[in-house]
Amino acid sequence: MLNLAELKELLSQPQKIVITTHHKPDGDALGSSLGLYHYLKQKQHQVQVVTPTDYPDFLQWMPGNNEVMIYTEKKEQSAALIEQAGLIFCLDFNSLSRINEMGELVRVSSAKKIMIDHHLDPENFDDFRHWRTSASSAAQLVYEFIVELLGDKNSITADIATCLYTGIMTDSGSFRFPTTTSTVHRIAADLIDLGADNAAIHQLVYDHASENRLRFLGYCLSEKLEILREYNTALITVSKSDLNRFNINTGDTEGVVNYALSIENIRLAAFIIERPDKIKLSLRSSGTFPANEICKNYFHGGGHRNAAGGQSEGTLDEVIHQFKTLLPEYKNLLTQ
Ligand code: 5GP
Ligand code: MN
């Protein structure tokens, strides 16, 4: 393990650093990674962000985006960087299975590993962690890492502020989830003062839908939404052929599940999608209902209490059936 003084000592010398984040990075994964990237680069480190997979178009405007290496596109180069790194920052995930094949490379690397994360149940692969499940986002934790742990607020540039603001905004549901404390608003305000253009960021992230995405959303809501009133649960299921029909790309399915949760009295919303290699589930819940428990117990996944995900090797119909048959077990929690 490293203590903070030892980590600061390491960071006082130029290091080879890899920053990585979870499979199919979202706004927080990429925003926290690029925010930290700009900070560490400014401190004269040799820094590379390596993502396990590609990520949606609506995130590709972020400063530093062109410098990101995608593991699946440059496996050998990524593996060499991970092997040679002195430090590896793991942002917005806490289990090496979340970075696919890269997980084993990170595990065996002799680099010191720093986890900055807000998910439950961290795996012990790190040497130092800044981890708190009550944090709105990994980007908030990166802000705290720079400002509170390293005492270096003066080094936050407009690019850093822009990336961190994006992470906080997206993971807090535009400042509406319960993790959005007054402190989160104060951090957001600081980031605006430091150069994040909040109105522009909102537009870049949220007003970037393709025509197909909007038509797909309409199709999901009018044709694929099923409401199970007895369990205050809403379900949207999408097959491979639906995805092909609307020419759906990475990121186009993001957020669809939230519409199901926005229905009055719905406590649990599920989006079940037939990906080429597996069935992927996204669950959202309101209040104290533990969506992550269902994902962890039945679908090889996890996440937060109100936003969780998992997968299955079964067919789409089997997974839909499995999901429906486990609802009675949770009926009390869903209807109380
Ligand atoms: P999403 O539904 O947007 O894919 O994911 C929602 C939340 O659940 C995210 O915070 C994500 O980190 C977590 N999550 C999604 N899929 C998985 C998974 O397969 N395993 C684990 N442990 N967490 C997941
Ligand atoms: Mn996050």
Side-chain angles (χ1 to χ4, degrees), residues 19-39 49-68 70 89-94 98-99 116-119 133 135-146 156 158-180 184-185 187-188 190-192 194-210 213 217 248-259 261 271 280 282 284 303-304 306-309:
I19 300 172
T20 189
T21 189
H22 60 76
H23 170 87
K24 296 281 174 198
D26 57 13
D28 186 35
L30 200 69
S32 58
S33 295
L34 285 173
L36 184 65
Y37 165 81
H38 291 296
Y39 175 76
V49 175
V50 183
T51 61
T53 64
D54 63 350
Y55 46 85
D57 290 351
F58 64 80
L59 297 176
Q60 294 181 14
W61 58 270
M62 261 190 255
N65 175 67
N66 292 340
E67 264 70 61
V68 173
I70 299 173
F89 281 86
C90 298
L91 303 194
D92 202 31
F93 71 97
N94 63 27
R98 295 279 289 144
I99 55 172
I116 300 184
D117 178 59
H118 65 140
H119 294 90
T133 54
S136 65
S137 52
Q140 177 186 353
L141 295 172
V142 169
Y143 175 92
E144 291 173 4
F145 180 72
I146 297 171
I156 297 186
D159 281 351
I160 299 172
T162 299
C163 296
L164 297 184
Y165 187 95
T166 305
I168 296 173
M169 179 188 83
T170 52
D171 248 31
S172 67
S174 296
F175 305 99
R176 73 188 185 95
F177 296 152
T179 51
T180 315
V184 172
H185 280 291
I187 293 173
D190 269 353
L191 293 171
I192 293 170
L194 291 163
D197 183 342
N198 53 317
I201 293 171
H202 201 280
Q203 205 168 20
L204 284 161
V205 172
Y206 293 117
D207 299 342
H208 198 88
S210 61
R213 183 191 134 80
L217 174 63
I248 286 303
N249 295 313
T250 299
D252 285 341
T253 54
E254 202 160 302
V256 175
V257 66
N258 296 320
Y259 289 91
L261 191 67
F271 183 61
K280 170 79 185 137
S282 277
R284 298 293 183 268
H304 311 276
N306 298 130

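Computation of the quantities below employed the complete heavy-atom set of this structure, encompassing side-chain atoms and omitting hydrogens, waters and symmetry-equivalent molecules. Note that the coordinates shown come from a computational prediction; the quantities given were computed from them, not determined experimentally.
Between Tyr165 and Asp197, the side chains place no donor N or O within less than 3.5 Å of an acceptor N or O (distance only, hydrogens not considered). Between His118 and Asn94, the side chains place no donor N or O within less than 3.5 Å of an acceptor N or O (distance only, hydrogens not considered).
Other residues, nucleotides and ligands contribute at most 12 non-hydrogen atoms within 6.0 Å of the OH atom of Tyr259.
The minimum heavy-atom distance linking Pro25 with Thr53 is given by the pair CD-OG1, 3.6 Å. Nearest approach of Gln60 to Asn65, heavy atoms of both residues: O-ND2, 2.9 Å.
Side-chain contact between Asp190 and Tyr143: present, with at least one pair of heavy atoms (C-beta onward) separated by less than 4.5 Å. For the pair Ile156/Ile146, a side-chain contact is recorded, criterion being any heavy-atom separation below 4.5 Å from C-beta on. For the pair Tyr206 and Thr170, the minimum side-chain heavy-atom distance is below 4.5 Å. Contact annotation: the side chain of Phe89 never approaches that of Tyr37 to less than 4.5 Å [non-hydrogen atoms, C-beta and beyond]. In this structure, Lys24 and Tyr55 have side chains that are not in contact, with every pair of non-hydrogen atoms separated by 4.5 Å or more. Counting only heavy atoms from C-beta outward, the side chains of Thr162 and Leu34 never approach each other to under 4.5 Å. Contact annotation: the side chain of Ile168 approaches that of Phe175 to within less than 4.5 Å [non-hydrogen atoms, C-beta and beyond]. Contact annotation: the side chain of Ser32 never approaches that of Ser137 to less than 4.5 Å [non-hydrogen atoms, C-beta and beyond].
Looking only at distances, no side-chain donor or acceptor of Asp92 sits under 3.5 Å from a matching main-chain atom of Ile116. The backbone N or O of Leu91 sits less than 3.5 Å from a side-chain atom of Thr21, completing a donor-acceptor pair. Proximity of a side-chain donor or acceptor of His38 to a complementary backbone N or O of Pro63 within less than 3.5 Å is detected. Side-chain atoms of Arg284 do not come within 3.5 Å of backbone N or O of Ala307 as any donor-acceptor pair. A donor-acceptor contact shorter than 3.5 Å links the side chain of Gln140 to the backbone of Ser136.
Looking at Thr51, Asp54, Ile19 one by one, the single match for side chain to side chain contact (heavy atoms under 4.5 Å, CB included) with Val68 turns out to be Thr51.
Expressed to the nearest 0.5 Å, how far SG of Cys163 lies from CG of Leu36 amounts to 10.5 Å.
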Passes side chain to side chain donor-acceptor pair (under 3.5 Å), His119 versus Asp117? Steps please. CA-CA 6 Å; His119 294 90; Asp117 178 59; 2.7 Å; yes
Evaluate His23 against Ile99 for side chain to side chain contact (heavy atoms under 4.5 Å, CB included), listing each step before the verdict. CA-CA 5 Å; His23 170 87; Ile99 55 172; over 6 Å; no
